[in-house]
Every structure is written in C-alpha cells, then in structure tokens.
Amino acid sequence: AAGMSGGITWIWDPENKLTQDALPSSVQMGKVDPQKAHGAYPTELLDLESLVRAHLEFTGSAVAEGLLKRWPQSLSEFARIFPVDLMKVATELMAAGKPSVFLPIDDYMPQMGSLPKTSTRKPSKSQKSALLNKPATPTSEVDIEDISSIFLKGSRPKKILEEELVQVVRGNRGFMTLDRAELPKRPEEERIEDFLEISAPKDEQTVRTQASRCMDCGTPFCHQSVTTKSGCPLGNLIPEWNQLVTQNRWHEAFKRLMKTNNFPEFTGRVCPAPCEGACVLAIIDDAVAIKSVELSIIDKAYEMGWMRPFPPQTRTGRKVAIVGSGPAGLAAADQLNKMGHSVTVYERADRIGGLMMYGVPNMKTDKVDVVQRRVEIMRQEGVNFVCGHAGNIGSHGDSLGMAPSAQQLQDDNDAVLLSVGATVGRDMQSVPGREFQGVHMAMDYLTLNTKALLDGGKVGKGWRQWWGTGNNDPTAPKPIDANGKVVVVIGGGDTGNDCIGTAVRHGAKRVINLELMPQSPEQRAGGNPWPHWPLIMRTDYGHQEAKLLNGDGDCREFSVSTKAFVGDENGNLTGIRLVSVRWDNVNGQMRMVEIPGSEKVIPADLVFLALGFTGPEHPLGEAFGVELDKVGNYRALYQNVEADFRTANPKVFAAGDCRRGQSLVVWAIREGRDAAAAVHRFMTFGDTLSATAALAAEAQKPQFSSAL
C-alpha cells in the first residue's frame with residue numbers, strides 16, 4: 001500500500017527491498033522513524049496514521065488492521081520518498097518561521113460515517129441509464145477567424161474526455177468549442193409518480209466540461225451585483241471555482257464556494273441564477289451553467305464527507321435570538337455561531353427551514369436529505385433550534401404559554417434578529433365568489449402537502465398510502481388533494497409552477513395556469529439589456545409535466561384577468577369567469593384594457609392563488625416596537641453604514657424578505673450574512689450610531705425597490 005500527500009510517497013516495505021539506487025536523483029528515500037517525524041514535515045507521523053486508518057475504513061484491509069495494532073512500532077516498516085526540491089522549500093519555510101507547505105491531510109480525506117448521512121435512496125432505471133451516456137465527439141480545432149461557425153448552439157459537444165479537456169483548458173477555448181449543459185432531470189413520465197427530487201444522477205466529466213466554458217473574464221459580472229437586478233448578490237467566486245472544478249480540484253472548489261455562501265445546497269437547487277444572466281458569455285452565446293457546477297460542488301462535498309460540523313473553538317458569552325428559520329435567519333445563525341456567539345433560532349412551524357422546508361416542494365429540494373441534513377450540521381456546531389408552540393414568539397408569548405414573549409426575548413439576549421420572511425400572500429378578496437370552497441392560497445396548498453408527505457414518511461412511489469398519516473392532531477388542517485380535479489393556478493412565478501407540479505403528482509384531471517401579463521419574448525427586449533436578469537419566456541419543470549395532462553399543449557394562458565369565481569348553490573367552486581386583456585402604453589405607463597366580447601367561463605374544481613407576497617405579518621413587528629416602511633415591511637436601515645439592519649428598537653434587527661420585501665433565496669442569504677455582521681458589531685462595540693437618527697436621515701433619501 002502507498003499513500004501520497006503534497007508529493008511525498010510512503011511505501012510499506014517490511015522486508016527493506018526498496019533502495020535509493022532504484023529511484024531518480026530528484027527524490028530522497030529514507031525509513032520512517034517511529035520516534036521522530038521528518039524535520040521538514042512535522043506532522044508526518046499523524047498524517048501517515050490518518051492514511052492507514054482511512055485505508056482500513058474504506059477497504060477493510062487486513063494489512064492495515066495489523067499495522068494499526070502494532071502502531072507506532074510498525075512505522076519503521078514504511079519507506080519515505082521525499083522530492084528533494086520540495087524538502088528544500090519546506091525546510092527554508094520552517095527556518096523562516098513561516099507556515100508549513102503541508103496542509104492538514106484530514107482536510108482532504110473523505111470521511112466515512114460522518115454525520116449527517118447522505119441519502120440511501122436507490123436510483124431508478126432511467127437514472128442508472130443516464131450514467132451510461134457516451135461522451136459526444138469533440139470538435140476539431142478552428143481558427144479565431146471562423147468564430148461565427150463555432151457559436152452554433154447545439155452543434156458542439158457537452159462532454160469531452162480528459163485529454164481533450166486538458167487541451168481546452170490550456171488554450172482557454174471551452175467557451176468557443178463547447179455547448180451549455182445543465183444537470184439532467186428524470187423523464188417527466190417517471191418523476192410525476194413521486195415527490196423525489198426531479199434531478200437525475202450527475203456526470204462529473206460533463207460538469208467539468210461545462211466549468212471549462214468559463215471565460216475567466218477580466219471583469220466577471222457573474223459574481224457581483226452591478227445593479228440590484230444582475231449578478232450574484234453573495235459575491236460567489238464563480239470564475240475561481242469553475243477553474244478548480246475543471247482541474248478536478250473539487251475540495252479547493254468547495255472551500256472557495258463556502259467562503260461566500262452558507263447554503264449552496266439550497267441555491268444550487270432553487271435559485272434562478274442571476275449569475276447566469278450576467279455571464280459575459282451570455283452576450284453572444286448560452287451562459288455557463290453556473291448553477292449546475294455549484295450544486296455539483298456541494299453534493300460532492302457531502303459525498304466525500306468534507307461538509308461536516310466545525311464547532312467554534314471558543315464562545316464569547318454573548319447571546320442572540322433569531323426569530324424565523326428561513327434562509328436569512330439560518331445564514332445569520334450560521335455566521336454568528338461561527339463568531340462564537342450563542343445563537344437560538346425560534347420557528348413557529350414544526351420543522352426548521354422556513355421557506356426551504358414548507359415553501360419549496362420536496363421534488364425541488366428534499367427536506368430530509370438536504371434541508372434537515374444541513375440543519376443537523378448547524379445543530380452539531382452549537383446552534384439551538386426551538387420549533388412549534390415553543391418557537392411561536394409574540395407580544396405575550398405563545399397562547400399555550402410555551403414560548404417567550406417579545407419582551408422576554410429582548411431581556412434574555414444581547415440582540416434579537418427578525419427574519420420571518422414576507423408571509424402575507426396577495427389575495428383576490430375583491431373578486432366576486434372568492435368565498436367559494438375550492439379557492440385557496442398557493443402557500444397553503446404547498447405547505448400542507450409537504451407536511452403530509454413528511455408526516456407520512458414516504459416521498460417515493462406509493463407516497464399516497466402514507467400521505468398525512470403521521471399527524472395525530474385532530475385540529476390540524478387537512479392537506480388539499482387535487483386528484484381527479486380540474487386545477488387552475490393564477491400566477492406565473494415559481495410558486496405557481498410549484499403548484500402545477502404538485503397538482504400533476506396528485507393526479508389532477510387537468511391543470512391550467514393563468515397569467516395577467518402578456519407572454520414574455522424568447523429573447524431580451526430592448527429595455528432589458530445585459531447584464532440585467534433576462535425577462536424572457538421560460539418553461540419550468542411544472543410546465544413540462546402539465547403537458548402530459550394537456551395533450552402536449554402548454555398549460556399557460558397569458559393576458560387574462562379574473563372577473564369572478566363561479567360556484568353552485570352549495571358554495572362549491574365550479575369555474576372562473578375570465579376576460580382577455582391587452583396592455584397599452586399611455587404616457588409611458590402600461591395600462592390594462594379589457595378586450596370587448598372576450599369574456600368566457602372555464603371549469604375549475606380548485607383554484608390556487610400564486611400572486612406573490614405583500615410583506616411580513618405586522619403583529620410580530622409591533623410586539624418588538626418595530627416601525628413599518630411605506631410598503632409595509634419592517635423598517636430597518638440599509639445604507640452601508642454601521643447601523644445597517646437596525647430597527648427603531650436599538651436592540652432589534654431585521655433582515656431578509658421581512659425587511660426587503662419578496663425576493664430570492666440568494667438575497668435572503670446575503671441579508672442574513674450582512675445582518676450577522678451588523679449584530680456582531682453592535683454586541684461587540686455597542687450602540688455607537690443611533691438607529692433612530694439613522695432611519696430618520698434615510699427617510700429623506702429616495703427609495704428604490706428591486707425586481708429580484
């Protein structure tokens with residue numbers, strides 16, 4: 001057996017057969033001394049033991065087991081082969097008092113049995129077949145003058161072999177010679193039978209090929225928000241980890257990814273990827289599939305055991321309470337915990353995760369193998385989580401007396417962060433017939449469905465048999481079943497798409513998606529320039545699946561307005577009265593005009609309102625003495641100054657959608673990270689800037705809103 005680290009090789013040579021004569025002069029051979037590590041490699045004995053233990057754990061080797069039983073005496077049976085140049089550099093660095101060239105080998109070792117465990121679900125037949133795809137034939141060398149013939153979308157390979165990939169990297173030509181390739185999805189016919197994640201197995205070589213398309217731009221727009229409508233809000237170091245993945249240096253790519261993003265397992269699944277909209281290559285070609293590379297990195301880290309708990313070494317003695325466990329709250333908790341503060345997260349739902357637990361359906365992000373797995377790591381790192389009645393914070397505590405009140409939370413902690421999201425859905429109360437049975441808010445539908453799945457404990461085929469069976473609370477609302485029904489989803493965003501996909505899995509008879517706005521163009525319009533998010537026509541997983549019910553036709557109908565909900569004498573919904581509309585530009589303002597004679601009634605058994613969110617719930621803010629801004633969000637400073645995220649209550653901060661308004665998961669993580677830094681400054685240095693005065697000054701400035 002042989003192990004390598006930083007160019008050094010150890011060979012088990014109990015019979016002393018290896019000699020220096022058999023080796024080149026560029027290396028030096030010597031026997032390992034059980035009593036003393038090599039002078040240029042202080043951690044040699046520990047690293048060699050780690051390698052032998054890993055060999056035993058992964059292979060069950062009887063030789064390794066015997067060596068460890070005789071450890072450390074058996075160290076003398078190993079020969080060390082040390083490159084002379086490396087030895088010289090290591091010795092000089094040590095003599096100068098500088099850090100060793102040898103990083104801890106455990107950082108690079110896959111960890112078998114590390115908590116939490118990865119999924120044990122078996123791949124389907126179609127998933128297995130995806131692993132057997134043959135690589136596409138690579139294109140031949142082309143002169144730069146023939147660039148117009150190179151950029152033929154769909155005609156270039158999406159996967160090339162190792163030797164060809166090396167050549168592409170050497171010439172930085174991947175963006176010219178390769179096509180975009182996103183991570184594959186399972187076939188629609190297969191995935192609508194279950195609530196497993198829609199993704200198919202990844203092919204590492206395809207991912208590395210895709211990463212090689214990165215242009216290594218001098219000014220990369222992908223990893224920065226030049227405006228609030230472009231690029232990555234987190235500042236992800238995208239060109240860096242693209243290059244590392246291309247070079248098969250996954251562990252280093254993982255470290256670069258985690259430097260800026262606490263939850264790439266979330267963003268890699270649900271983020272719309274504004275980074276791709278701002279990719280420089282997207283000016284003339286399809287953008288690099290950045291989101292696919294990101295997800296591949298973090299999934300590889302879990303597979304190898306690199307993503308594991310790292311509790312802080314010391315504690316500051318300061319305490320922080322965070323109300324809300326969505327992406328913003330979790331990001332803030334993760335950051336503050338790493339700083340050594342004691343963090344408690346309060347969540348009124350029965351499970352931690354907020355939007356990622358109950359707002360996003362299981363087929364997009366698995367709740368056990370993704371969300372709870374990540375939460376468990378945070379728990380092992382020292383974050384305290386309080387759920388259910390005990391986590392339902394209010395002005396007087398939970399109605400059952402199990403949760404602290406807002407005042408108690410402030411008294412018991414050095415700071416409080418509100419990150420409760422924008423949970424008030426936009427309704428259609430003014431539309432006649434809204435009271436009919438069968439008209440529901442979209443988030444009620446999605447939340448109850450996910451809870452029923454988790455309570456039943458089954459998300460694969462046969463899920464319906466156990467759907468909701470684990471909930472023993474007779475007062476809990478029952479999940480909404482779309483089986484055999486005509487379903488209409490009003491609203492064309494991500495939530496609407498998730499309702500479509502859920503209804504298809506329930507066995508809906510038909511699914512229709514209504515959108516007030518006109519259909520978006522296939523390409524960017526003149527008023528939607530790069531690098532802003534491209535407002536173009538997109539077909540998501542739910543739209544693809546609905547075609548199976550609609551005779552391969554698109555389930556979406558654009559430019560229609562709901563006039564009334566229609567019902568029977570028993571108060572049950574039976575249909576919707578619609579009217580077609582057009583949008584006229586009147587003095588620079590888009591005005592909706594109904595088209596005469598276009599009214600019609602379509603049948604509907606269930607309607608889900610997916611119209612976005614108007615803001616946070618106000619009673620909680622009032623309990624903490626938090627003011628509201630002009631649109632009803634929690635008012636907190638956001639001007640890149642010391643008191644950012646501070647509300648009018650100097651001890652209370654606000655971050656995420658409850659402060660910003662409805663936005664993306666990636667923006668929530670950004671706000672959570674920034675708010676954590678602000679809370680840390682406040683607890684460490686005190687109230688050096690009055691939040692009340694700062695907010696008053698901010699009110700005099702123009703207010704801007706973001707579309708993302």
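The structure presented is a predicted model; accordingly, all values stated were derived computationally and were not measured. The chain is numbered in sequence order, starting from 1. Because only heavy atoms are used, hydrogens play no part in the values below, and waters and symmetry mates are left out as well, while side chains stay in.
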Lys364 bridged to Asp540 by N-O distance under 4.0 Å = no

query = What is the minimum heavy-atom distance between Pro312 and Asn337, and which atoms define it?
reply = CG-O, 3.3 Å

query = Between Asp644 and Arg681, does at least one N-O distance fall below 4.0 Å, as a salt bridge requires?
reply = no

task = Take the angle between the ring planes of Phe266 and Phe263 and call it parallel below 30°, perpendicular above 60°, tilted in between.
result = parallel

ask   = Is it true that a side-chain atom of Asn413 and a backbone atom of Leu409 form a donor plus acceptor pair closer than 3.5 Å?
value = yes

message = What I want to check is whether the side chains of Thr260 and Asn236 have a donor and an acceptor closer together than 3.5 Å.
response = yes

query = Strictly by modelled atom types, are Arg505 and Asn483 linked by a side-chain donor-acceptor pair under 3.5 Å?
reply = no

task = Run through Val511, Thr495, Asn513, Ile480 and flag the one making a side chain to side chain contact (heavy atoms under 4.5 Å, CB included) with Phe608.
result = Ile480

ask   = Between Glu617 and Arg348, is the closest basic N to carboxylate O distance under 4.0 Å?
value = yes

message = Going by side-chain contact (heavy atoms from CB on, under 4.5 Å), name the residues that satisfy it together with Ala301, two or more places apart in sequence or in a different chain.
response = Phe254, Ile298, Trp306, Met307

request  = Scan side-chain atoms only and decide if Asp411 and Gln407 contain a donor-acceptor pair under the 3.5 Å cut-off.
outcome  = yes

message = I'd like to know if the side chain of Tyr358 pairs up with that of Asp350 as donor and acceptor (distance under 3.5 Å, no hydrogens or angles considered).
response = yes

task = Please say which of Ile192, Thr502, Val459 ends up in a side chain to side chain contact (heavy atoms under 4.5 Å, CB included) with Met363.
result = Thr502

key: Side-chain donor-acceptor pair present, Gln544, Arg191, cut-off under 3.5 Å   = yes

inquiry  = Side chains of Asp498 and Tyr541: any donor to acceptor distance under 3.5 Å?
reply    = yes

task = Please list, chain by chain and in numerical order, all residues satisfying side-chain contact (heavy atoms from CB on, under 4.5 Å) with Asp605, sequence neighbours excluded.
result = Lys485, Val486

query = When you check the side-chain N and O atoms of Asn449 and His506, is any donor under 3.5 Å from an acceptor?
reply = yes

request  = Please list all pairs passing the salt bridge (charged side-chain N to carboxylate O under 4.0 Å, His left out) test where one or both residues lie in residues 323-335, with sequence neighbours left out.
outcome  = Asp334-Lys338, Asp334-Arg374

inquiry  = Does Lys367 form a side-chain contact (heavy atoms from CB on, under 4.5 Å) with Leu453? I'd like the steps, not just the answer.
reply    = CA-CA 10 Å; Lys367 307 310 166 193; Leu453 287 169; over 6 Å; no

